[in-house]
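Take a look at the structure set out below.
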Amino acid sequence: MATFVLWLKSILETRDGAISSLEKPLDRQVGQWPGTAVQNDSLYRMLFLIMNHDSLHRQLGHFVLTFQAVEAAVVELTVQVVDADPEYVATLTAELEFNAKARALDVIFTRYAQIHGLSNLAPHPEFHKLMTRIQKLATRRNELVHSFYSLLVTVNGEAALARMPTRLKPSDGIREQEGEDILPAKLEPEILEMKSILQALEVFRLQVIDINYP
């Protein structure tokens, strides 16, 4: 990527003196690209999109990696609750999709809470709410991962991603595509929600450890 950007930069810097450096501030007026001589230059447009979408790409990666941390925390809490050989739990959960892991832990923790006098209710109210939040997040993760993306700039000049999922409905003989435009402000609250979930899972994990090892 770095070589590609430098190559485009060298081309643009020699185009009739249109620009002398890509470090110059970009003209953010709606519908305009920096420099009249390169306004319709497809290479410049490509570079503009690449450079201004880096933050969104990082956020998508941050979302996916943070979700993986949530999944690992769910498995770790399951290991502590079951209080058995961790390899057994890891083997049993390895082939389960994420929602199945969350649903199983929801039931297991309810049983654990009843045995140890944490709650007589089924399901455990607070933990069940947490698992519901996690499963909602898992749905969002699947939406983001199983989609195609294209780069776009909003009418306000903001860098954005156009997400286009593909769903097949064989019963109707159609392929559904409901798009979504993603801006940085849209992903940030969801990343914060995952971090909040990680903190809540850690509280339950430490509670279980205190009970198992008084």
Side-chain angles (χ1 to χ4, degrees), residues 1 50-83 86 89-90 92-113 116 118-119 121 123-152 154 156 158-165 178-213:
M1 175 62 75
I50 291 172
M51 294 177 68
N52 285 273
H53 286 78
D54 279 353
S55 62
L56 272 168
H57 295 157
R58 285 193 294 269
Q59 274 198 318
L60 277 174
H62 190 184
F63 183 102
V64 172
L65 290 176
T66 306
F67 181 85
Q68 289 179 329
V70 171
E71 184 168 11
V74 166
V75 174
E76 172 60 21
L77 181 53
T78 305
V79 168
Q80 296 298 334
V81 171
V82 173
D83 194 21
V89 178
L92 290 171
T93 60
E95 296 297 322
L96 293 179
E97 54 94 19
F98 180 79
N99 279 329
K101 294 176 185 176
R103 289 194 300 269
L105 181 56
D106 199 354
V107 174
I108 292 170
F109 191 85
T110 293
R111 174 65 175 165
Y112 181 88
H116 294 280
L118 301 179
S119 173
L121 300 177
H124 184 287
E126 292 181 18
F127 195 80
H128 182 67
K129 287 179 182 178
L130 178 60
M131 290 299 102
T132 300
R133 288 167 61 193
I134 287 178
Q135 290 184 67
K136 181 179 179 181
L137 196 63
T139 299
R140 179 59 170 161
R141 178 264 181 193
N142 289 339
E143 290 175 351
L144 293 177
V145 171
H146 301 293
S147 295
F148 296 98
Y149 291 88
S150 58
L151 308 179
L152 61 86
T154 70
N156 296 320
E158 294 180 274
L161 291 174
R163 183 180 72 84
M164 186 63 68
E178 297 180 3
E180 172 192 14
D181 293 343
I182 298 178
L183 282 79
K186 194 166 189 177
L187 287 177
E188 189 59 34
E190 296 171 331
I191 293 173
L192 291 176
E193 166 69 356
M194 279 191 287
K195 292 180 178 179
S196 173
I197 286 173
L198 280 170
Q199 292 174 348
L201 286 169
E202 179 64 7
V203 169
F204 280 109
R205 188 184 75 88
L206 293 176
Q207 183 183 39
V208 171
I209 290 175
D210 287 341
I211 292 173
N212 291 347
Y213 307 98

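Start at 1 with the first residue, then count along the sequence.
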Parallel under 30°, tilted from 30 to 60°, perpendicular over 60°: which one fits the rings of F204 and F127? perpendicular

pair V81-N212: side-chain heavy atoms closer than 4.5 Å: no

Measure the CD1-CZ distance between I134 and F98 for me, rounded to the nearest 0.5 Å. 5.0 Å

Are D83 and Y112 close enough that a side-chain donor and a side-chain acceptor fall under 3.5 Å? no

Heavy-atom pair of closest approach, residues M131 and A102: SD-O, 3.6 Å

Within a strict 4.5 Å, meaning less than it, do heavy atoms of the H62 and L60 side chains meet? no

Within a radius of less than 6.0 Å around NZ of K136, do more than 12 heavy atoms belonging to other residues, nucleotides or ligands occur? no

Taking NZ, NE, NH1 and NH2 as the nitrogens, is one of them in E202 or R205 under 4.0 Å from a carboxylate oxygen of the other? yes

Residues, nucleotides or ligands: over 12 heavy atoms within 6.0 Å of E97 CD: yes

Answer yes or no: is there a side-chain heavy-atom contact under 4.5 Å between E126 and H124? yes

Please determine whether side-chain contact (heavy atoms from CB on, under 4.5 Å) holds for the pair R103 and Q135, giving the CA-CA distance in whole Å, both sets of side-chain angles, and the decisive distance to 0.1 Å. CA-CA 9 Å; R103 289 194 300 269; Q135 290 184 67; 3.7 Å; yes

Answer yes or no: does atom CD of E76 have more than 12 heavy-atom neighbours from other residues, nucleotides or ligands under 6.0 Å? yes

Shortest non-hydrogen separation from H57 to L161 and the atoms involved: NE2-CD2, 4.0 Å

Could you state the interatomic distance from CD (Q80) to CG (D210), rounded to the nearest 0.5 Å? 10.5 Å

Pair S196-R133, side-chain contact (heavy atoms from CB on, under 4.5 Å): steps then yes or no: CA-CA 10 Å; S196 173; R133 288 167 61 193; 3.1 Å; yes

Close side-chain approach of Q207 to L77, heavy-atom, < 4.5 Å: no

Reported OG1-to-CZ distance for the pair T66 and R141, which is rounded to 0.5 angstrom: 12.5 Å

Ignoring hydrogens, what is the shortest heavy-atom contact between T110 and P123? Give both atom names and the distance. OG1-CA, 3.4 Å

Y213 (side chain) donor-acceptor with V208 (main chain) under 3.5 angstrom: no

Would a 4.5 Å heavy-atom cut-off, applied to side chains only, mark T132 and H128 as touching? yes

side-chain contact (heavy atoms from CB on, under 4.5 Å), that's the test. Do L130 and D106 meet it? Break it down for me. CA-CA 9 Å; L130 178 60; D106 199 354; over 6 Å; no

Can you see which heavy atom on L144 is nearest to which on R163, and at what distance? CD2-CD, 3.9 Å

Between R140 and E180, is the salt bridge (Lys or Arg N to Asp or Glu O under 4.0 Å) condition met? List the steps. CA-CA 12 Å; R140 179 59 170 161; E180 172 192 14; 2.9 Å; yes

Please name the pair of heavy atoms, one in A138 and one in F67, separated by the smallest distance, quoted to 0.1 Å. CA-CE1, 3.5 Å

About how many Å separate NZ of K101 and CD of E95, when rounded to the nearest 0.5 Å? 9.0 Å

Spacing of CG belonging to L187 relative to CD1 belonging to I182, to within rounding of 0.5 Å: 5.5 Å

Please report the closest heavy-atom contact between A73 and L201, naming both atoms and the distance. CB-CD1, 3.7 Å

